[in-house]
There are 2 protein chains.
Amino acid sequence: MEKLEDIIFYTLERAIKSYRQYAQHNITAAGIDITIDQWLLLKAIQENPGTPQNELAKTVFKDMASITRMIELMVTKGFLIRNINSNDRRRSLLDLTETGLLILEVIQPVIETNRNTALDTLSKDELVLLDDLLSRITRNTSFKAERSGN
Amino acid sequence: MEKLEDIIFYTLERAIKSYRQYAQHNITAAGIDITIDQWLLLKAIQENPGTPQNELAKTVFKDMASITRMIELMVTKGFLIRNINSNDRRRSLLDLTETGLLILEVIQPVIETNRNTALDTLSKDELVLLDDLLSRITRNTSFKAERSGN
DNA sequence: TGCATTTAATTGACATATCAATTATTATTG
DNA sequence: CAATAATAATTGATATGTCAATTAAATGCA
């Protein structure tokens, strides 16, 4: 815990946790009853209609078990409707309800404000660089030809 | 989900998740029965003897409830011993067991290899920059004079 | 000293992460 | 076509994250 190389992952964890807390706080304060993770999944479903859950899992960097439970929750909350895909009865067909669509609308400005605040003072160039550095870490730590599921 | 500003937090999440999975995989593969979170907390206890749990929570970016449960677990696992601080009976006194110390020793090379792999091709300058960018995000999203606990 | 306040830690409830096992359905192939 | 393999999703178990409520002890103050 002395040299920079040793703490860069703490800095990473700290940044993401700080952002998440901040963002969630503002969402809740705006009277919107949704978690950031639920929002992300809901948005992914909206943007990729008909996508099976295993694809959604990859899109939002989660595993299938989490997706199943989150969808369940959002069906209960009235954000989603789940039907069975008649072409492949193993799959489900997910659609946003009116409520789900409305939530996405009202949350959008909050999300944008959160991002702008979080990234305030970071220039376009710096964002490009940050994206590149993080992507390299991802590449360096991605499992290749292993049967490890992900 | 189009512009860079919109996806930087996905890149962030992806990097941290990728690293965590990779690191945990290697630890488990080395036959070491500890999670990354437990390791971090164990190390924090070792490096800050006598520190109360609320301080530990800040150090490892977690909340007190998580710390309580993780300590409980590590006591059960035989990594830690918990005693009551006689100066202030609300606090506990945490000490690593022989097993706890041994774990930290055997895990150290694995941790270092993980970091080196993850940060491969990132120069010293880039690490400094990454640290700076992430710290700025943290600053931008840190709650100031609010009574929000953290 | 006595009571209210603060503080440290725990506990409960629920959301999410991860892994393993299971179920239902579809695809393969002998 | 029947047995087997592969795939999509669910479920169970356990770890962690977050918030709220509670407990126990210490502190402040009248």
Would you kindly compare B:Glu13 and B:Arg69 by the position of their nearest DNA chain C nucleotide and give the one closer to the 5′ end?
-> B:Arg69
Examine C:dT10: is either OP1 or OP2 under 4.0 Å from a nitrogen or oxygen in the side chain of B:Gln53? Give yes or no.
-> yes
Give A:Ile67 one of three labels, base, sugar-phosphate or nothing, depending on what nucleic acid heavy atoms sit under 4.0 Å from its own.
-> nothing
For D:dT10, take OP1 and OP2 only and decide whether either is under 4.0 Å from a side-chain N or O of A:Thr68.
-> yes
What does A:Asp88 touch in the nucleic acid at a heavy-atom separation under 4.0 angstrom: a base, only the sugar-phosphate, or nothing?
-> sugar-phosphate
Return yes if a side-chain donor-acceptor contact under 3.5 Å exists between A:Asn140 and B:Asp120, otherwise no.
-> no
Would you say a side-chain N or O of B:Asn54 is under 4.0 Å from OP1 or OP2 of C:dA9?
-> yes
For C:dT16, take OP1 and OP2 only and decide whether either is under 4.0 Å from a side-chain N or O of A:Thr35.
-> yes
Listed nucleotide nearest any side-chain atom of B:Glu72, set C:dT11, D:dT16, C:dA9 | C:dT11
Side-chain N or O of B:Gln38 closer than 4.0 Å to phosphate OP1/OP2 of D:dT16 | yes
Kindly assign one of parallel, tilted or perpendicular to the pair A:Phe9 and B:Tyr19, based on the angle between their ring planes and the thresholds 30° and 60°.
-> parallel
State which of D:dT16, C:dA9, C:dT16 makes the closest approach to the side chain of A:Ser66.
-> C:dT16
Taking atom types as they are modelled, is there a donor-acceptor pair under 3.5 Å from the base of C:dT7 to the side chain of B:Arg90?
-> yes
Base of D:dG17 paired with side chain of A:Arg20 (donor-acceptor, under 3.5 Å) = no
For D:dG17, does OP1 or OP2 lie under 4.0 Å from any side-chain N or O of A:Lys17?
-> yes
Residue whose closest nucleotide on DNA chain D lies nearer the 5' end, A:Arg82 versus B:Lys77 = A:Arg82
Taking distance alone, no hydrogens or angles, what donor-acceptor pairs closer than 3.5 Å link side-chain atoms of residues 92-102 of chain A to residues at least two apart or in another chain?
residue	atom	partner	partner atom	Å
A:Ser92	OG	A:Gln53	OE1	2.7
A:Thr97	OG1	A:Gly78	O	2.5
A:Thr97	OG1	A:Phe79	O	3.3
A:Thr97	OG1	A:Thr99	N	3.3
A:Thr97	OG1	A:Gly100	N	3.0

DNA chain C nearest-nucleotide lookup for B:Gln24 and A:Ser86: closer to the 5′ end is B:Gln24
At under 4.0 Å, does any side-chain N or O of A:Arg89 touch on OP1 or OP2 of C:dT25?
-> yes
Mind calculating the distance between CD1 (A:Ile16) and C1' (C:dT16) to the nearest angstrom?
-> 15 Å
